[in-house]
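One structure is given here, and the rest of the page talks about it.
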Amino acid sequence: PGLSGTRLERETLRGPGRRASRPGHGTAVAVRLAQAAPEAGLIAFDVFHSGPDGEAADAFDVAAALDRAAARRVAVANLSFAGPGNAVVE
């Protein structure tokens with residue numbers, strides 16, 4: 001409901017053979033962005049996967065999403081991560 005009326009695209013960029021994570025990751029942030037800039041469209045690049053230790057995204061999939069966002073000339077990008085430290089991401 002919080003995203004109704006918002007131009008929203010979704011593109012999956014998970015590595016091959018990876019199972020999708022639970023739906024809804026990032027939805028709360030997307031709702032806030034849509035409320036702050038209702039005229040803007042949103043593109044959700046899905047890089048999270050479900051693995052033996054829970055949900056995760058690796059640096060390669062995140063980099064692919066950033067590359068795709070740049071190719072699409074995305075003006076603002078929000079990246080939200082939680083979990084243990086990762087030297088590549090930090």
Q | Contacts of type side-chain contact (heavy atoms from CB on, under 4.5 Å), residue Arg68, not counting sequence neighbours | A | Glu11, Leu13, Phe45, Ala71, Arg72
Q: Scan for salt bridge (Lys or Arg N to Asp or Glu O under 4.0 Å) pairs involving residues 34-49, sequence neighbours excluded, and state none if there are none.
A: Arg10-Asp46, Arg14-Asp46
(Q) On a heavy-atom basis, which atom in His49 and which in Asp58 lie closest, and how many Å separate them? (A) CE1-N, 4.3 Å
Q.
I'd like to know if Phe60 and Leu66 are part of one continuous hydrophobic network [Ile/Leu/Val/Met/Phe/Trp/Tyr, side-chain heavy atoms within less than 4.5 Å].
A. no
Q. OG of Ser50 to CD of Glu55: how many Å apart, nearest 0.5 Å?
A. 6.0 Å
Q. With sequence neighbours excluded, what pairs up with Leu42 under the side-chain contact (heavy atoms from CB on, under 4.5 Å) test?
A. Leu3, Thr6, Leu8, Ala30, Leu33, Ala34
